[in-house]
Amino acid sequence: MYKLTLMLFAFISLVLPVLSSPAPMPAPEDHELQARMTDSESWYYPDLGDFDWTYAADRLVEAMTENLYDRLTVSQSHHGRGTWYQPGLGNCGWTNTEHDLIVAMPKVLYDRNKGKNCGQMVHITYKGKSTTAKMVDSCPGCGTDGLDMSPATFQKLAPLSVGVLQIEWHFV
């Protein structure tokens, strides 16, 4: 929030003087100076008529909301299917084993966040039991709210023989 406020203040402090200030002109009685002025001299603020305000506004909004989805995802609770898989080299670039407390998040969310959730911790709850694991991979078959868990993570919630759990999870 601080970064957003600072960027907005910087933008306003740069644009407002240009828009609100009258163009400085020589005094009317200084005819000699007026005669020497040419169009190439910058005795006035530039004409901003050709300035692409839409582009500037789009870039400002983009900069201000760059990590907005990441922040929403962190606080958002998901309800979906919990499954288990045999880990190896994950989409985040780390190699893990079945003994590591790790998860693979839905590929849809992974792609939307451009992998920025790699290494984040995930809190998972199932029927009163809960555990925390590190997000290290993406799961193409997990829909939008499911998680694929390492055997070690899954077994913190239920035996592997259960196979599929209805879980609740969120980033911590």
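Bear in mind the structure is a predicted one, so any value in this text is a computation, not a measurement.
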Q. Does the side chain of Ser150 come under 3.5 Å of the side chain of Asp100 through a donor N or O and an acceptor N or O?
A. no

**Q.** Distance, nearest 0.5 Å, that separates CG of Asp148 from CD of Gln86
**A.** 10.5 Å

Q: Sequence neighbours left out, what passes side chain to side chain contact (heavy atoms under 4.5 Å, CB included) with Thr131? Give chain and number order.
A: Ile124, Thr153, Lys156, Leu157

Q: Would you mind listing every side chain to side chain donor-acceptor pair (under 3.5 Å) that reaches into residues 135-147, with sequence neighbours excluded?
A: His78-Asp145, Asn91-Ser138

(Q) Any non-hydrogen side-chain atom of His123 less than 4.5 Å from a side-chain atom of Thr125? (A) yes

Q. Are Met105 and Val122 connected in a single hydrophobic cluster, I mean Ile/Leu/Val/Met/Phe/Trp/Tyr linked by side-chain heavy atoms less than 4.5 Å apart?
A. yes

Q. How close do Lys116 and Gln120 get, heavy atom to heavy atom, and via which atoms?
A. O-OE1, 4.2 Å

Q) Between Glu98 and Tyr85, does a side chain to side chain contact (heavy atoms under 4.5 Å, CB included) hold up when you go through it step by step? A) CA-CA 8 Å; Glu98 62 186 34; Tyr85 74 112; over 6 Å; no

Q: Using the rule that two of Ile, Leu, Val, Met, Phe, Trp, Tyr join whenever any of their side-chain heavy atoms come within less than 4.5 Å, decide whether Phe171 and Ile167 are in one cluster.
A: yes

Q.
Between Pro159 and Phe154, is there a side-chain heavy-atom distance shorter than 4.5 Å?
A. no

Q.
For residues Leu101 and Val136: do they belong to one hydrophobic cluster (side chain heavy atoms under 4.5 Å, members Ile, Leu, Val, Met, Phe, Trp, Tyr)?
A. no

Q. Does one hydrophobic cluster hold both Val162 and Trp169, with members joined at side-chain heavy-atom distances below 4.5 Å?
A. yes

Q: Report yes if some heavy atom in the side chain of Pro140 is under 4.5 Å from a heavy atom in the side chain of Pro106; otherwise report no.
A: no

Q.
Is there a side-chain contact between Tyr110 and Cys139 in this structure, where contact means two heavy atoms from C-beta onward sitting under 4.5 Å apart?
A. no

**Q.** Arg81 vs Cys142 side-chain heavy atoms within contact, under 4.5 Å
**A.** no

Q. Among all residues two or more places apart in sequence or in another chain, which pass the ring-ring contact (aromatic ring centres under 6.0 Å, His included) test with His79?
A. none

Q) Would you say the side chain of Leu160 lies within less than 4.5 Å of the side chain of Gln155, judging by non-hydrogen atoms? A) yes

Q. Should Met135 and Leu165 be regarded as members of a common hydrophobic cluster, given that ILVMFWY residues are connected when their side-chain heavy atoms come within less than 4.5 Å of each other, either directly or indirectly?
A. yes

Q: Answer whether the closest heavy-atom distance between the side chains of Ser77 and Glu168 falls below 4.5 Å.
A: yes

